[in-house]
Amino acid sequence: MMRALLVAWLTVLWLVLWRDVSVANVVSGVAIALVVLALFPPRQVTGDHAFRPLKLLVFIGYFAWKLVVSNLMVAREIVTPRDHVRSGIVAVPVVACSDLVTTVVANAISLTPGTLTLEVRRDPPMLFVHVLHLHDLDQVRRDIRTLQRLAVAAIGSAEAVAAFDADPQPDVEDHPR
């Protein structure tokens with residue numbers, strides 16, 4: 001069942017790329033999808049993850065909003081003569097996140113202009129993020145914690161959601177190394 005859905009999805013993507021629904025494109029799309037799945041079989045996600053579509057939409061909405069705001073900030077930086085850059089590296093604790101959720105959060109941070117995930121540590125669980133406009137250290141941590149909370153709510157296990165909600169925001173020293 002899952003394989004058929006993947007073939008259908010890849011075929012739809014193929015048709016969108018060609019912008020033409022024809023018998024030849026559908027047949028070639030199915031053939032390409034089967035070859036792709038044979039060469040790169042999907043791996044099962046380990047761990048206990050849940051998929052909550054409405055929570056995922058909230059996560060995507062928050063991420064899209066942060067993307068727009070950060071793009072505007074970087075654009076302003078480019079077009080104005082004054083230099084507003086005050087960059088720094090911020091250590092942010094990772095709470096109740098599996099490897100999958102941590103990867104989603106780290107990539108979302110790196111995709112946002114003005115921020116870049118530099119390092120992910122497991123012991124203690126921590127993200128090190130370079131921030132281009134570091135004016136309020138606590139605000140940066142709150143924003144990343146909100147991103148973590150929304151990602152856990154969207155794709156984390158029920159235990160991870162409960163653990164994240166129960167854990168107070170941990171204090172991190174300003175000089176992590």
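Computed over heavy atoms, backbone and side chain alike; hydrogens, waters and symmetry mates excluded.
Atom CE of Met73 sits about 10.0 Å away from atom OG1 of Thr115, to the nearest 0.5 Å. Atom CG of Leu10 and atom CG of Leu15 lie 11.0 Å apart (nearest 0.5 Å). Taken to the nearest 0.5 Å, the CG atom of Leu100 stands 11.0 Å off from the OG atom of Ser157. Between the CG atom in Leu72 and the CG atom in Leu67 there is a gap of 10.0 Å [rounded to 0.5 Å]. Rounding to the nearest 0.5 angstrom, the gap separating the CD1 atom in Ile144 from the CG atom in Leu127 is 7.0 Å.
For the side-chain hydrogen bond (donor to acceptor under 3.5 Å, both in side chains) criterion with Lys66, the lone passing option out of Thr112, Thr146, Asp143 is Asp143. Shown are Arg86, Arg76, Glu77; of these, the side-chain hydrogen bond (donor to acceptor under 3.5 Å, both in side chains) with His133 is made only by Glu77.
Both Val36 and Leu34 belong to a common hydrophobic cluster when Ile, Leu, Val, Met, Phe, Trp and Tyr are linked at side-chain heavy-atom distances under 4.5 angstrom. Phe63 and Leu56 end up in different hydrophobic clusters when Ile, Leu, Val, Met, Phe, Trp and Tyr side chains are linked at under 4.5 Å. No continuous path of ILVMFWY side-chain contacts below 4.5 Å connects Val7 to Val12, so the two sit in separate hydrophobic clusters. When the side chains of ILVMFWY residues are joined at heavy-atom separations under 4.5 Å, either directly or via intervening members, Val92 and Tyr62 end up in a single hydrophobic cluster. Two different hydrophobic clusters hold Ile109 and Leu111 under the rule that ILVMFWY side chains link at heavy-atom gaps under 4.5 Å.
Side-chain contact between Val95 and Arg145 is present, with at least one heavy-atom pair separated by less than 4.5 Å. Residues Val101 and Gln148 form no side-chain contact, since every pair of their non-hydrogen atoms from C-beta on lies 4.5 Å or further apart. Proximity of Val129 to Leu116: side-chain heavy atoms (C-beta onward) are nowhere separated by under 4.5 Å. Between Val104 and Phe59, some side-chain heavy-atom pair lies under the 4.5 Å cut-off. Looking at Arg141 and Val90, their side chains come closer than 4.5 Å, going by heavy atoms from C-beta outward. Using a 4.5 Å heavy-atom threshold, the side chains of Leu134 and Val140 count as touching. Counting heavy atoms from C-beta on, the side chains of Lys55 and Leu150 never come closer than 4.5 Å. Between Ile89 and Leu118 there is a side-chain heavy-atom pair separated by less than 4.5 Å.
The minimum heavy-atom distance linking Val74 with Gly114 is given by the pair CG2-N, 4.1 Å. When all heavy atoms are compared, the tightest approach of Leu147 to Ala108 is CD2-CB, 3.9 Å.
Between the side chain of Arg122 and the backbone N or O of Asp99, no donor-acceptor pair lies under 3.5 Å. A donor-acceptor pair is defined here as one N or O able to donate and one able to accept, closer than 3.5 Å; no such pair exists between the side chain of Ser87 and the backbone of Leu132. Between the side chain of Asn25 and the backbone N or O of Val21 there is no donor-acceptor pair closer than 3.5 Å.
For the residue pair Arg142 and Gln139, a side-chain donor N or O sits within less than 3.5 Å of a side-chain acceptor on the partner.
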